[in-house]
Protein chains: 2
Amino acid sequence: MAIMDYSEELAAFGLKNTKNRKEILKTLVDSSQPLTADQIYFQLNQNGEMMNLSTIYRTLSTLSEKGMLQKVVLVDESKTLYEYNRQIHKHYLICQDCRAIVPIEHCPIAEYEKQVSQEMNFHVIGHRLSIYGYCQDCWKKRSS
Amino acid sequence: MAIMDYSEELAAFGLKNTKNRKEILKTLVDSSQPLTADQIYFQLNQNGEMMNLSTIYRTLSTLSEKGMLQKVVLVDESKTLYEYNRQIHKHYLICQDCRAIVPIEHCPIAEYEKQVSQEMNFHVIGHRLSIYGYCQDCWKKRSS
DNA sequence: CTACATGCAAACCGTTTGCACCCTA
DNA sequence: TAGGGTGCAAACGGTTTGCATGTAG
């Protein structure tokens with residue numbers, strides 16, 4: 001991601017260019033993982049960027065509607081996660097122990113979607129795939 | 001699924017055999033789709049099977065822990081869905097319009113899991129895949 | 001100057017829990 | 001008859017909303 005001011009991007013989506021929105025966008029762009037609203041809240045607070053939690057929720061939903069962010073929902077995790085939408089099709093490895101979320105960029109089922117479209121009379125527009133198990137560290141701990 | 005009394009199955013998991021549990025299990029076994037707690041609640045109420053919502057929640061979580069049920073979580077759906085665990089690996093087509101959920105039994109990524117295990121140093125134990133788009137009816141409506 | 005963004009507090013809603021009572025094993 | 005199951009009401013926690021104020025365009 002090139003260094004950029006999010007002003008242009010916000011404007012392109014017809015949104016006012018406010019400090020809060022830029023901070024939230026920046027936080028998500030810089031994160032290697034999807035984040036929850038309160039993770040963003042605490043992270044910004046630590047950096048001295050005070051902001052109300054409800055502002056964060058409102059911003060996350062506005063940006064998601066515009067397609068700038070993507071929602072991620074996981075089983076056994078009651079909070080919604082958000083990530084910057086880099087337009088790169090992506091999936092996740094989720095460690096069942098430490099809950100680490102590792103994005104992977106190869107998608108194994110593009111071909112399969114076409115097949116489903118034809119065989120099931122279903123017009124496919126996308127899919128979500130997450131793979132779960134244990135990361136190397138947690139797997140070692142478990143087997144010891 | 002053969003006609004059965006769920007008593008044995010419950011006993012096999014060390015659970016007491018109560019009317020409520022049997023009704024909930026039966027509801028899920030008979031359903032072609034995963035159901036939410038309140039869908040089960042209303043469905044049972046219609047059939048004259050009064051039962052407290054919290055009993056349903058407790059039963060769903062007990063049966064899930066035992067592996068008799070599986071949780072399903074979808075983006076843009078705040079409620080958790082539950083389905084009877086037929087031990088058949090399965091995925092879903094989800095219509096973005098009418099929210100219909102169509103289970104599909106072929107899994108396109110068994111092979112890919114092995115690859116991930118090796119390349120990413122991640123011990124894979126499973127995955128979740130859902131495919132979304134529009135069912136035939138809703139797609140027709142949209143394009144007209 | 002106006003419409004949209006924000007802070008604050010309260011509401012919302014799916015889910016969980018404490019407690020007294022009930023019932024299965 | 002003991003220990004788990006259930007109903008009821010209240011709590012919980014993530015998220016949303018109403019309203020008054022602030023601010024970008």
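Letters A, B, ... mirror the listed sequences (proteins, then strands); counts begin at 1.
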inquiry  = Go nucleotide by nucleotide along DNA chain C from the 5' end; which of B:Thr80 and A:Gly14 gets its closest nucleotide reached first?
reply    = A:Gly14

key: Contact list for residues 22-46 of chain B, test salt bridge (Lys or Arg N to Asp or Glu O under 4.0 Å), sequence neighbours left out   = B:Lys26-B:Asp30, B:Asp38-B:Lys79

B:Leu63 CG to B:Leu10 CG distance, which is reported to the nearest 0.5 Å = 7.0 Å

message = Any side-chain to backbone donor/acceptor pair from B:Glu65 onto B:Thr62? Under 3.5 Å, distance only.
response = no

query = What pairs with B:Lys141 under salt bridge (charged side-chain N to carboxylate O under 4.0 Å, His left out), at least two apart in sequence or on another chain?
reply = none

Terminal axes of the helix from C:dC1-D:dG25 to C:dA25-D:dT1 (five pairs each): angle between them, nearest 10 degrees = 40°

task = Indicate whether the side chain of B:Glu83 and that of B:Tyr92 have a donor and an acceptor atom separated by less than 3.5 Å.
result = yes

remark   = For A:Glu49, the salt bridge (charged side-chain N to carboxylate O under 4.0 Å, His left out) test, sequence neighbours excluded, returns A:Lys19

Give me the distances for all protein-to-nucleotides 20-25 of chain D N/O pairs that come in under 3.5 Å?
| unit_1 | atom_1 | unit_2 | atom_2 | d |
| --- | --- | --- | --- | --- |
| D:dG25 | OP1 | A:Asn17 | N | 3.2 |

inquiry  = Please check: side-chain N/O of B:Asn85 versus main-chain N/O of B:Gly67, any donor-acceptor pairing under 3.5 Å?
reply    = yes

request  = Specify the residues of residues 39-58 of chain B, ordered by number, for which at least one heavy atom lies under 4.0 angstrom from an atom of DNA chain D.
outcome  = B:Met51, B:Asn52, B:Ser54, B:Thr55, B:Arg58

message = Under the rule for side-chain hydrogen bond (donor to acceptor under 3.5 Å, both in side chains), what residues qualify as partners of A:Ser78, not counting sequence neighbours?
response = none

ask   = Taking only residues at least two apart or on different chains, which pairs with a member in residues 120-134 of chain A satisfy side chain to side chain donor-acceptor pair (under 3.5 Å)?
value = A:His89-A:His127, A:His91-A:His127, A:Glu113-A:His127, A:Tyr134-A:Arg142

key: Residues in side-chain contact (heavy atoms from CB on, under 4.5 Å) contact with B:Ser31, at least two apart in sequence or another chain   = B:Gln33, B:Leu35

Set of salt bridge (charged side-chain N to carboxylate O under 4.0 Å, His left out) partners for B:Lys114, sequence neighbours left out = B:Glu111

message = Suppose we screen for side-chain contact (heavy atoms from CB on, under 4.5 Å). Which residues come up paired with A:Glu105, at least two apart in sequence or across chains?
response = A:Ile88, A:Lys90

ask   = Could you state the CG-P distance from B:Asn20 to D:dG4, rounded to the nearest angstrom?
value = 18 Å

ask   = Can you find a pair of side-chain heavy atoms, one from A:Ile24 and one from A:Leu60, that are under 4.5 Å apart?
value = yes

message = Distance under 4.0 Å to a non-hydrogen atom of chain B counts as contact; along DNA chain C, which nucleotides mark the start and end?
response = C:dG14 to C:dA25

